[in-house]
**Student:** 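Can you keep this structure in mind? I'll have questions shortly.
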2 protein chains.
Amino acid sequence: MRILIAEDEKKIAEFIRRGLKEEGYAADAVHNGPDALRLAEENPYDLLLLDVMLPGLDGVEVCRRLRGGGFSAPIMMLTARDRVEDKVKGLDSGANDYLTKPFAFEELLARVRALLRPRPAGEAAVLKAGRLELDLPAHKARLDGKPLELSAKEFSLLEYLVRNKGRAVTRTMIAEHVWDINFDSGTNVIDVYINYLRRKLEKGGAGGMIATVRGKGYRLSE
Amino acid sequence: MRILIAEDEKKIAEFIRRGLKEEGYAADAVHNGPDALRLAEENPYDLLLLDVMLPGLDGVEVCRRLRGGGFSAPIMMLTARDRVEDKVKGLDSGANDYLTKPFAFEELLARVRALLRPRPAGEAAVLKAGRLELDLPAHKARLDGKPLELSAKEFSLLEYLVRNKGRAVTRTMIAEHVWDINFDSGTNVIDVYINYLRRKLEKGGAGGMIATVRGKGYRLSE
DNA sequence: CCGGCACCATGCGAATACTGATAGCCGAGG
DNA sequence: CCTCGGCTATCAGTATTCGCATGGTGCCGG
């Protein structure tokens, strides 16, 4: 398993690299954004550890560009604590997981294992619902095999619906899982995004997949 | 299931109320201690969510008085984080559980479910009564396998009837569990909704499932 | 057997709540 | 400076909820 570490503090990078090596992973380290981008594009890494603060090009940006270029390996962002907005931006830009610094190496290891684990039965890398497919590592959606262009939020929302296909999910649940908002009753973002999704699905000839459950929320048909 | 929320911050109270409503609970909200005490004493709530900080009379005190007065429904205290002593006082005063704010709504929900479930894990996800099926997670009703279009209230009412199939349920019971009203206000909503249900069942060829028990209420045949 | 009464069914309609849809604001990225 | 994603604000259409009024039905005492 090959892992790329992008972290500007060399001591930390080296610390992680050694630890991963001891666990049997092949790990490289780079210390700035452009290098991270170049190496990740040119080599078949299985996982990318990406610090948010990187000279030259920050982690979120590296992530965005890689995903834009079709990079499909899982990405884990590293971010300073009390920077929740980073977390949100990171996930929005296509990261699969995030970890706040400082962290226990054990925890990093556990998450790395989780991301690299050849999906233990029941947890597929590709979610399906009828004619719809969501490739999670690559953050790509397909309808009848044809790619569906979705923004990061649209993807997250659809992912949540697909994970709960056949079940009615409430707006509150959606808000918590997709938006990270806890206390806000005055927004209609969810309705708006449902509308976006319906429109795109409709254009792909799959209208009617998302049903409204009046007074509750929405339900994706299987 | 009827829940009383006592929380002085109106936005939070409303958020909780809405979320619980989406889950099919009938919830009322009050914003101060005395109101909480009065409503809880006068109405048959199944659960009480009680913030510690309440104007007029704090949550711990409300809890103590209710318990002193024989109030038997479970009480869950809400408290600001880093106020551990509140937790202790809360539990001492007769609360069944506590939750620190801020919290994820889902956690609240999980605990609410736990407190309201007298019989652990004994609940089926799909309720049945003769040719009728209620798929709770999907929030869908079927008759002979064919979908039955029901509004939220209709669904709740039917759910209550199915849970009590074979038994006669009084209007008062229905009012208390399905609506959040006391059956004193001279309303006939229940009759009206029974009528709606009968009509829809009739159209699906299952007339006569809901029998009138004169002078008492209604009964759903098995 | 019959009248009266309490109880119940049902149609109608007003008020309300919920949803869908669109337009526009804002900030970040290029 | 333009574009795009994310979001807010708003409005109209419609389903839902519920009160009211009318008429029906079963039950009881006489």
Side-chain angles (χ1 to χ4, degrees), chain A residues 33 52 57-65 67-69 85-86 88-94 139 149-158 168 170-172 174-175 178-181 184-203 207-208 210-219, chain B residues 14 17-19 21-22 24 26 139 149-158 168-172 174-175 178-203 207-208 210-219:
Chain A
V52 172
L57 202 61
D58 78 32
V60 174
E61 188 51 31
V62 171
C63 181
R64 197 189 317 276
R65 295 204 191 175
R67 288 301 188 213
E85 67 276 25
D86 282 350
V88 176
K89 267 199 276 181
L91 294 177
D92 276 355
S93 67
H139 259 249
E149 291 299 329
L150 297 179
S151 77
K153 272 277 183 281
E154 290 166 355
F155 188 91
S156 298
L157 174 55
L158 189 53
T170 66
R171 283 192 178 68
T172 306
I174 295 175
V178 181
W179 271 266
D180 231 1
I181 47 181
D184 186 351
S185 43
T187 178
N188 72 334
V189 236
I190 297 173
D191 303 52
V192 171
Y193 271 80
I194 288 285
N195 187 26
Y196 292 165
L197 281 184
R198 288 215 252 236
R199 204 182 297 170
K200 292 190 176 180
L201 288 172
E202 176 69 42
K203 208 152 54 183
I210 302 177
T212 302
V213 182
R214 207 156 208 284
K216 247 202 143 186
Y218 298 94
R219 184 185 37 203
Chain B
E14 180 55 23
R17 204 181 65 78
R18 196 193 158 111
K21 208 173 153 196
E22 285 175 345
H139 211 253
E149 293 296 331
L150 298 179
S151 80
K153 271 276 185 290
E154 289 166 356
F155 190 92
S156 296
L157 173 55
L158 189 52
V169 291
T170 66
R171 283 190 179 66
T172 307
I174 295 174
V178 180
W179 274 264
D180 64 17
I181 54 176
N182 284 318
F183 190 63
D184 56 358
S185 49
T187 177
N188 76 332
V189 238
I190 296 171
D191 303 52
V192 171
Y193 272 81
I194 288 286
N195 184 29
Y196 291 166
L197 282 183
R198 290 216 252 236
R199 201 181 300 171
K200 292 190 177 179
L201 288 172
E202 177 69 42
K203 207 151 56 182
I210 301 176
T212 302
V213 182
R214 223 181 144 72
K216 247 201 139 190
Y218 299 94
R219 174 166 26 89

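Residue numbers begin at 1 in each chain, while the letters A, B, ... track the order of the sequences.
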**Student:** Is there a donor and acceptor pair closer than 3.5 Å between the side chain of B/Y218 and the base of C/dC8?
**Tutor:** no

**Student:** In whole angstrom, what separates B/L197's CG from D/dC18's P?
**Tutor:**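 The answer, rounded to whole Å, is 14 Å.
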
**Student:** Does the base of C/dT10 carry an N or O that pairs as donor and acceptor with the side chain of B/N188 under 3.5 Å?
**Tutor:**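 Check passes, donor-acceptor contact within cut-off.
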
**Student:** Send over the distance from A/N195 CG to C/dT19 C1', rounded to a whole Å.
**Tutor:**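 Atom CG in A/N195 sits about 10 Å away from atom C1' in C/dT19.
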
**Student:** Please determine whether a side-chain nitrogen or oxygen atom of A/T187 lies at a distance below 4.0 Å from atom OP1 or OP2 of D/dC7.
**Tutor:**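 It does not, given that no N or O in the side chain of A/T187 lies less than 4.0 Å from OP1 or OP2 of D/dC7.
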
**Student:** Any side-chain N or O of A/R199 under 4.0 Å from OP1/OP2 of C/dA21?
**Tutor:**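 It does not, given that no N or O in the side chain of A/R199 lies less than 4.0 Å from OP1 or OP2 of C/dA21.
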
**Student:** Mind calculating the distance between OH (A/Y193) and C1' (C/dG20) to the nearest angstrom?
**Tutor:**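 After rounding, the reported distance stands at 16 Å.
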
**Student:** Report the distance from atom CD of A/E149 to atom C1' of D/dG5, rounded to the nearest whole Å.
**Tutor:** 14 Å

**Student:** Side-chain N or O of B/K21 versus OP1/OP2 of C/dC18: is the shortest distance under 4.0 Å?
**Tutor:**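 Answer is yes, contact under 4.0 Å.
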
**Student:** Looking at C/dA9, I'd like to know if its phosphate oxygens (OP1 or OP2) sit under 4.0 Å from a side-chain N or O belonging to B/T212.
**Tutor:** yes

**Student:** Can you tell me the distance, in whole Å, between the NZ atom of A/K200 and the P atom of C/dG20?
**Tutor:** 18 Å

**Student:** Can A/T187 and A/R171 be counted as having a side-chain donor-acceptor contact under 3.5 angstrom?
**Tutor:**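 The criterion, which ignores hydrogens and geometry beyond distance, is not satisfied for A/R171 and A/T187.
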
**Student:** Of A/V192 and A/R171, whose nearest nucleotide on DNA chain C comes first from the 5' end?
**Tutor:** A/R171

**Student:** For A/E61, answer base if it contacts any base atom (sugar-phosphate contacts may also be present), sugar-phosphate if it contacts only those atoms, and nothing otherwise; contact means non-hydrogen atoms under 4.0 Å.
**Tutor:**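 Touches sugar-phosphate only.
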
**Student:** B/R198 and B/I210: which non-hydrogen atoms are nearest, and at how many Å?
**Tutor:** NH1-O, 2.7 Å

**Student:** State whether a side-chain donor-acceptor pair under 3.5 Å links A/T170 with B/R18.
**Tutor:** no

**Student:** Less than 4.0 angstrom between a side-chain N/O of B/S151 and OP1 or OP2 of D/dT17, yes or no?
**Tutor:** yes

**Student:** With a 4.5 Å cut-off on side-chain heavy atoms, are A/W179 and A/I190 touching?
**Tutor:**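 In short, these two side chains touch, coming nearer than 4.5 Å.
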
**Student:** OP1 or OP2 of D/dC18 sitting under 4.0 Å from any side-chain N/O of B/W179?
**Tutor:**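 For D/dC18, OP1 or OP2 has a side-chain N or O of B/W179 closer than 4.0 Å.
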
**Student:** Calculate the interatomic distance between B/D191 atom CG and D/dG23 atom P; express it in whole Å.
**Tutor:** 18 Å

**Student:** Between D/dC7 atom C1' and A/I174 atom CD1, what is the distance in whole Å?
**Tutor:** 16 Å

**Student:** Hey, does A/Y196 have a side-chain heavy atom less than 4.5 Å from the side chain of A/K153?
**Tutor:**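 Not touching, per the 4.5 Å side-chain cut-off.
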
**Student:** To the nearest Å, give me how far apart CZ (B/R214) and C1' (C/dA6) are.
**Tutor:** 7 Å

